[in-house]
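Each remark here refers to the structure printed beneath this line.
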Amino acid sequence: MIISIVSGKGGAGKTTIATSLAHILQADYYDLDVDAPNGEYFLQPENWQTETVFQPQPKIDKSLCNACGACARECRFNALYKLADRVYLNDSLCHSCNLCREVCPQGAISYKPAAIGSVRSGDSSRTGARAIIGDLRIGSTRATALIQRIVRQIDPQKPAVIDGPPGNSCTAVAAIKPAELVILVVEPTPFGIHDMLQTLKILKNLNKPLLIIANKSQDDGPLTAVLAEQGLTPAASIPLKIEHHKSLLAGEILSQSDPKIYRLLQQALTRKTGTE
Amino acid sequence: MIRQISVMSGKGGAGKTSVTAALLNLLPQVVAVDADVNASNLPILLTAQKLSESGYYGTEVAQISTESCTACGRCAEICAFAAIRQDEQRKFLVTDDCEGCAACFWICPAQSISMIPHRAGTQYLSRLENGFLLHAELIPGEDNSGKLIANIRELARKVAAEEGLDLILIDGPPGTSCQAIASLTGVDMVLAVVEESLSGLSDYQRLAQLMARFRIPHLVLVNKTGVDPELGKQIETTVTACGGEIIGRIPFDLEIPRALSRRETLLALPAYRPLLENICTRLQTSS
């Protein structure tokens with residue numbers, strides 16, 4: 001079973017819950033928050049393997065290009081621009097869409113692999129399973145492409161936990177799509193509730209089974225009221241505690257340092273899936 | 001000269017919005033931008049009066065006219081996003097994975113594909129007591145958030161120029177990818193809010209690399225400090241190595257999330273006022 005952990009608001013506790021679930025289920029852990037991956041500080045994987053991820057990108061053959069500018073005119077992302085008698089690529093805007101190659105009357109554009117990041121993986125003795133970390137190259141804007149590439153490698157036969165990116169844009173969708181169960185982590189504050197309502201719209205469109213976990217809770221009242229309007233209830237609530245913050249600072253998995261959290265999460269999951 | 005400053009962090013939940021809202025309340029005149037367009041929380045903490053709103057249209061998307069389509073399949077072949085599929089009647093159609101590149105539009109021999117406008121969100125201009133606020137709502141799940149950020153930043157520059165305001169303060173998105181880059185380009189300085197945690201430190205290092213790439217100077221406000229002095233020291237060393245300057249520290253204080261839950265800013269807690277006033281002065285003067 002593939003479980004995706006998401007949250008509209010950043011800092012709600014996705015990594016805390018995702019690493020705990022990887023521990024409880026002895027599941028492979030996929031860090032798909034590729035431009036700010038942090039799961040490894042808790043899972044401490046060993047025997048690292050690294051694989052570079054490439055994405056095809058246009059390369060202009062200067063001996064063939066006559067700087068007619070057709071590619072720059074047609075590119076919908078303004079990734080190509082003409083300066084004097086040369087055409088340049090701004091690779092942070094390129095979507096690797098193949099259009100420029102087709103448009104070029106000189107046949108001067110071909111697609112060559114360019115590194116967008118890497119996938120690092122290792123064995124976590126803390127979960128007894130694999131930890132797979134998506135690591136976007138600094139300055140790259142191809143987070144979605146990297147996430148989709150890692151998602152394709154997930155073995156659906158094994159339990160897998162996906163630690164998703166914050167927000168409600170295309171990267172979040174890419175981390176939600178493969179999931180058979182989505183766990184939405186909500187900080188029950190006006191901010192967390194606002195961002196959760198956006199995420200719920202995505203989940204409704206994708207029609208995903210859903211479990212809501214409140215984290216860093218000072219008062220579940222407002223959250224419970226908003227969820228009730230949609231016929232939903234939080235499956236578990238974790239209070240805001242300095243002890244939890246301390247265990248994060250020590251690089252501990254919360255379900256390992258606090259047995260209460262282990263039981264709370266396990267029970268919430270069992271009620272939903274009827275297994276374990 | 002209009003000065004632009006972005007509040008960034010790498011890690012989500014580090015305190016960007018809490019700090020930005022407090023600074024906005026202290027600055028004499030300012031244009032505020034909420035660049036976290038798909039989790040827009042800054043308006044929750046501000047008293048803003050909406051002046052106008054407009055639709056945000058990202059890139060156009062492809063549409064196939066089934067009447068003239070010969071089902072040759074060239075469009076599905078060239079699509080780099082696997083956004084064209086066949087339905088049960090084997091008719092080709094475009095799914096919501098379309099990124100609007102127009103490769104299919106260009107290649108279709110029957111000219112059956114058109115590019116149509118696609119609304120991806122809404123952008124808002126509001127009045128603050130001491131200036132203006134630009135913010136946006138991306139339709140959940142939509143693409144092109146970077147372009148929406150570039151749009152509202154452009155609107156902010158326009159408003160600032162027209163109204164004679166010389167400071168734009170941007171509440172940035174988390175992460176270090178497209179949205180963060182769209183919030184960084186062309187700013188004069190970054191105020192990095194760094195959470196004193198392993199994750200906060202790691203994400204700050206990524207952010208610092210990004211800022212170095214764009215040659216943007218930065219100040220650092222360390223948040224949730226005092227729980228692990230060893231980690232505090234490590235952050236200090238890292239900030240110095242990354243060319244930043246620590247401008248202040250906010251301790252781990254449960255009163256802060258309590259105040260935020262009441263929709264109050266850090267200014268509701270008098271102990272933090274001098275620190276915030278000091279940051280305000282630095283943002284307006286240092287280069």
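Hydrogens, waters and symmetry mates play no part in the numbers below; they use all other heavy atoms, side chains included. Per chain, numbering begins at 1; letters A, B, ... match sequence-line order.
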Using heavy-atom distances under 4.5 Å, tell me whether A:S140 contacts chain B through its side chain, its backbone, both, or neither.
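Just its backbone gets close to chain B.
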
Identify which part of A:A172 has an atom lying under 4.5 Å from any heavy atom of chain B, answering side chain, backbone, both or neither.
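Looking at A:A172, nothing touches chain B.
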
Checking A:H194 now: which residues fulfil ring pair (Phe, Tyr, Trp, His ring centres under 6.0 Å) with it, not counting sequence neighbours?
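For A:H194 there are no ring pair (Phe, Tyr, Trp, His ring centres under 6.0 Å) partners, ignoring immediate neighbours.
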
Please name all residues satisfying side-chain hydrogen bond (donor to acceptor under 3.5 Å, both in side chains) with B:T95, sequence neighbours left out, ordered by chain then number.
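In terms of side-chain hydrogen bond (donor to acceptor under 3.5 Å, both in side chains), with neighbours along the sequence ignored, B:T95 is linked to no residue.
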
Is chain A contacted by the side chain of [X], its backbone, both, or neither, given a heavy-atom distance below 4.5 Å?
{"X": "B:R206", "answer": "both"}
{"X": "B:P257", "answer": "both"}
{"X": "B:S202", "answer": "both"}
{"X": "B:D97", "answer": "side chain"}
{"X": "B:F214", "answer": "neither"}

Might you point out which heavy atoms bring A:G139 and B:R213 nearest each other, and give the distance in Å?
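Smallest interatomic distance, heavy atoms only, reads CA-NH1, 3.8 Å.
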
Is the shortest heavy-atom distance from the side chain of A:T15 to the side chain of B:S199 under 4.5 Å?
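No, too far: nothing below the 4.5 Å cut-off.
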
Could you check if a side-chain atom of A:T189 sits within less than 4.5 angstrom of a side-chain atom of B:L260, using non-hydrogen atoms only?
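No, too far: nothing below the 4.5 Å cut-off.
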
Are B:E99 and A:R76 ion-paired here, with the side-chain N under 4.0 Å from a carboxylate O?
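Between A:R76 and B:E99 there is no salt bridge, as every charged N stays at least 4.0 Å from the carboxylate O atoms.
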
Starting from the C-alpha separation in whole Å, work towards a yes-or-no answer on side-chain contact (heavy atoms from CB on, under 4.5 Å) for A:F191 and B:S18.
CA-CA 11 Å; A:F191 319 99; B:S18 323; over 6 Å; no

Which residues in residues 237-248 of chain A have a heavy atom less than 4.5 Å from any heavy atom of chain B?
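If one takes a 4.5 Å heavy-atom cut-off, the residues of residues 237-248 of chain A near chain B are A:L240, A:I242, A:H245, A:K246, A:L248.
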
Which residues in residues 33-41 of chain A have a heavy atom less than 4.5 Å from any heavy atom of chain B?
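Within residues 33-41 of chain A, the residues under 4.5 Å from chain B are A:V34, A:D35, A:A36, A:P37, A:N38, A:Y41.
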
